[in-house]
Number of protein chains: 2
Amino acid sequence: MLQQNFFGLYYKLYRPLLNQVNAKLTQYGLFSSQWQLMKLLMQEGAMTPAEIAQRQQVEKPSITKILQRLGEMGYVESTPGQDKREKWIRLTSSGEAVCRDVMEQLASLYEDLLQGSSKEEVEIAISVLARAHQNLTS
Amino acid sequence: MLQQNFFGLYYKLYRPLLNQVNAKLTQYGLFSSQWQLMKLLMQEGAMTPAEIAQRQQVEKPSITKILQRLGEMGYVESTPGQDKREKWIRLTSSGEAVCRDVMEQLASLYEDLLQGSSKEEVEIAISVLARAHQNLTS
DNA sequence: AATAGTTAATTAACCTAACTAACTATTATT
DNA sequence: AATAATAGTTAGTTAGGTTAATTAACTATT
């Protein structure tokens with residue numbers, strides 16, 4: 001079964017990968033869900049907690065907690081929207097700096113992991129992942 | 001950056017996929033780590049908690065807890081090894097039945113997710129994942 | 001045979017990261 | 001104006017991780 005091989009490997013990779021990523025993140029006092037959120041803000045700019053929750057596919061209270069910690073660490077800040085129920089969340093400059101550092105470190109990890117796969121193969125793998133995501137969320 | 005695209009998509013897929021898988025599993029009162037463990041036993045046969053821990057890349061106490069719950073649900077059983085420190089864990093027949101059901105349901109989910117990708121593309125994606133896992137754990 | 005060191009499994013205490021339910025404040029709808 | 005819906009928070013729970021410490025059993029060396 002081709003599908004099961006694919007997703008079997010997908011899962012098999014997950015824990016060891018997470019362990020490696022967490023090892024890099026502890027230098028900055030970050031955990032991986034915090035990092036995921038920072039990365040989202042880095043890539044897409046300021047957004048509200050509700051949008052973050054929807055993007056990350058987790059419930060709003062989970063986001064509230066992560067934002068509280070990131071706020072205490074000085075990595076994010078918020079301003080009220082013109083709709084006064086909303087809060088707009090953005091990275092602070094210190095948050096952006098950390099983000100860049102982490103991205104650099106992870107880039108070299110990722111490069112190592114793709115050693116031995118050609119550019120073309122990786123591109124095909126990307127398209128398969130992208131299509132799976134598309135099929136899942138449409 | 002090719003690597004970041006690949007791993008960016010890898011992560012992006014993870015939560016929505018987990019949510020779908022968990023939705024299937026709740027019918028059987030299972031959570032995904034419990035399922036991962038059952039699948040391992042189904043595919044590889046009886047083994048000790050220490051080996052499970054090593055295969056899943058988590059610490060032994062985590063496995064102890066999961067096995068306790070699976071035991072309460074009647075999905076696994078254990079017998080002492082000839083080395084009396086060891087416990088050999090295996091699926092019960094009810095555990096095996098549940099495993100087969102879940103596998104069937106997930107197979108159809110996975111098939112849907114790979115719709116639109118050719119056999120060759122999926123094979124290449126598999127090889128990229130396998131190589132990443134290899135690079136990570138060697 | 002005794003001792004020292006190692007390994008397998010468990011327990012306890014703690015943490016992260018998720019969840020649901022219920023709440024407040026604000027905005028939108030009827 | 002009343003009601004419904006939405007954004008965010010709070011409180012409480014749970015799964016599933018962690019480390020540190022404990023017990024029992026095995027191994028090797030004296």
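To find a chain, count down the sequence lines: A is the first, B the second, and so on, and within it residues start at 1.
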Between C1' on dA25(D) and CZ on Arg85(B), what's the gap in Å once rounded to a whole number? 5 Å

Students often get this wrong, so: under 4.0 angstrom with heavy atoms, is Ser62(B) touching a base, only sugar-phosphate, or nothing? base

Between dC19(C) (P) and Gln56(A) (CD): distance, integer Å: 11 Å

Determine the contact category for Lys65(A): base if any of its heavy atoms lies under 4.0 Å from a base atom, sugar-phosphate if only primed atoms, P, OP1 or OP2 are that close, otherwise nothing. base

Hey, which of these two, Asn19(A) or Pro61(A), hits DNA chain D nearer its 5' end, going by closest nucleotide? Pro61(A)

Under 4.0 Å between any heavy atoms, over every strand shown, what does Ile66(B) touch: base, sugar-phosphate, or nothing? Just pick one. sugar-phosphate

Heavy atoms only, 4.0 Å cut-off, all strands: where does Gln68(B) land among base, sugar-phosphate and nothing? sugar-phosphate

Please give, in whole Å, the distance from dA15(D) C1' to Leu18(A) CG? 15 Å

Side-chain N or O of Thr64(A) closer than 4.0 Å to phosphate OP1/OP2 of dT9(D): yes

Glu123(B)/Lys119(B) under salt bridge (charged side-chain N to carboxylate O under 4.0 Å, His left out): CA gap, chis, key distance, verdict: CA-CA 6 Å; Glu123(B) 272 163 1; Lys119(B) 187 165 173 293; 3.3 Å; yes

Taking the six-membered ring for Trp, are Tyr110(A) and Phe6(B) closer than 6.0 Å centroid to centroid? no

Just checking Gln54(B): base, sugar-phosphate only, or nothing, at a heavy-atom cut-off of under 4.0 Å? nothing

Nucleotide dG16(D), atom P - distance to CZ of Arg69(B) in whole Å: 6 Å

Just call it for Lys87(A): base, sugar-phosphate, or nothing, with non-hydrogen atoms closer than 4.0 Å on any strand. sugar-phosphate

Test your reading of the model: is there a side-chain donor-acceptor pair from Thr48(B) to the backbone of Trp88(B), 3.5 Å cut-off? no

Between Arg15(B) and dC19(C), is there a side-chain N or O to OP1/OP2 distance below 4.0 Å? yes

Using purine N1 to pyrimidine N3 plus N6-O4 or O6-N4 for Watson-Crick, or N1-O2 and O6-N3 for G-U wobble, each under 3.5 Å, what pairs with dC15(C)? dG16(D)

Residue pair Ser94(A), Tyr75(A): steps toward the side-chain contact (heavy atoms from CB on, under 4.5 Å) verdict: CA-CA 6 Å; Ser94(A) 126; Tyr75(A) 291 157; 3.4 Å; yes

Does dA15(D) have its OP1 or OP2 closer than 4.0 Å to a side-chain nitrogen or oxygen of Ser32(B)? no

Among dA25(D), dT9(D), dA17(C), which is the nearest nucleotide to the side chain of Asp83(B)? dA25(D)

Which part of the nucleic acid, if any, lies within contact of Lys60(A), taking any heavy atom under 4.0 Å across all strands shown: a base, the sugar-phosphate backbone alone, or nothing? base

